[in-house]
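Accompanying notes for the structure given below.
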Amino acid sequence: MSDKFFFKGRQDARQSHIGSGYATKASHKAGSKKFPLTLVVTDETRQKEVEKMVAEAGLYAEISIDTNESAVESIVELEALLNKGSTVTLEKTPARNDPCSCGSGKKYKKCCG
């Protein structure tokens, strides 16, 4: 190809979009059938308690029992999902000419607005 200024085509080949590195598939959801939680408990009674918590939350988990003396319980993944905050929704204030929400019967602009 020529490097002259009147050449209107591309001098290099177009880049392919296929291997661009974008994550095209959704990430996995922890606690689902395909990606269960991995939990470790120290005894069978605690295992039953954790199984009950998992069932109430509608999650799936693989719970293993570690009976060593230096064993540490690991249910951090479950606690993170159970303590997840919910969306905060605020009650919409009425418009100026709507009836007041306090129940007085007056317009909002004359009562609380």
Side-chain angles (χ1 to χ4, degrees):
M1 293 186 154
S2 175
D3 289 335
K4 295 184 179 181
F5 65 92
F6 56 85
F7 179 73
K8 293 186 178 183
R10 289 185 181 262
Q11 291 188 3
D12 55 336
R14 291 184 178 224
Q15 298 295 325
S16 175
H17 69 282
I18 295 172
S20 63
Y22 291 107
T24 56
K25 296 186 178 182
S27 62
H28 67 277
K29 181 181 176 187
S32 63
K33 282 185 180 180
K34 192 172 183 180
F35 300 101
L37 301 173
T38 305
L39 308 174
V40 178
V41 294
T42 54
D43 59 353
E44 290 185 23
T45 57
R46 183 67 177 148
Q47 180 185 13
K48 291 179 183 178
E49 292 174 6
V50 172
E51 284 176 351
K52 184 179 177 184
M53 291 168 49
V54 168
E56 288 175 358
L59 300 172
Y60 295 93
E62 295 175 354
I63 303 170
S64 60
I65 299 174
D66 191 3
T67 57
N68 295 334
E69 290 181 13
S70 61
V72 178
E73 185 172 276
S74 174
I75 59 168
V76 176
E77 295 176 352
L78 177 62
E79 290 175 351
L81 286 175
L82 293 178
N83 296 333
K84 193 174 189 180
S86 61
T87 304
V88 176
T89 56
L90 300 174
E91 187 175 322
K92 186 178 175 184
T93 58
R96 285 178 47 87
N97 291 323
D98 289 344
C100 189
S101 58
C102 70
S104 65
K106 296 182 182 180
K107 289 185 178 181
Y108 180 72
K109 67 181 176 183
K110 297 271 185 176
C111 183
C112 296

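Of all heavy-atom pairs spanning Ala30 and Leu81, the tightest one is O-CD1, 3.8 Å. Minimum heavy-atom separation, Ile63 to Gln47: CG2-CG, 3.7 Å.
Residues satisfying the ring pair (Phe, Tyr, Trp, His ring centres under 6.0 Å) test with Tyr60, not counting sequence neighbours, are none. Partners of Thr89 by side chain to side chain donor-acceptor pair (under 3.5 Å), not counting sequence neighbours: none found. Contacts of Glu77 classified as salt bridge (charged side-chain N to carboxylate O under 4.0 Å, His left out), with partners at least two apart in sequence or in another chain: none. Scored by the side chain to side chain contact (heavy atoms under 4.5 Å, CB included) test, Asn83 finds Glu79 as partners (sequence neighbours excluded).
Pairs engaging residues 33-45 under the side chain to side chain donor-acceptor pair (under 3.5 Å) rule: Asp43-Thr45 [sequence neighbours left out]. The ring pair (Phe, Tyr, Trp, His ring centres under 6.0 Å) contacts involving residues 85-112 comprise nothing, where partners must be two or more places apart or lie in separate chains.
Hydrophobic clustering (side-chain heavy atoms under 4.5 Å, transitive across Ile, Leu, Val, Met, Phe, Trp, Tyr) keeps Val40 apart from Val76.
Rounding to the nearest 0.5 angstrom, the gap separating the CZ atom in Arg46 from the CD1 atom in Ile65 is 12.5 Å. Expressed to the nearest 0.5 Å, how far CG of Leu82 lies from CE of Met53 amounts to 5.5 Å.
Applying the 6.0 Å contact sphere to NZ of Lys109 captures more than 12 heavy atoms from other residues, nucleotides or ligands.
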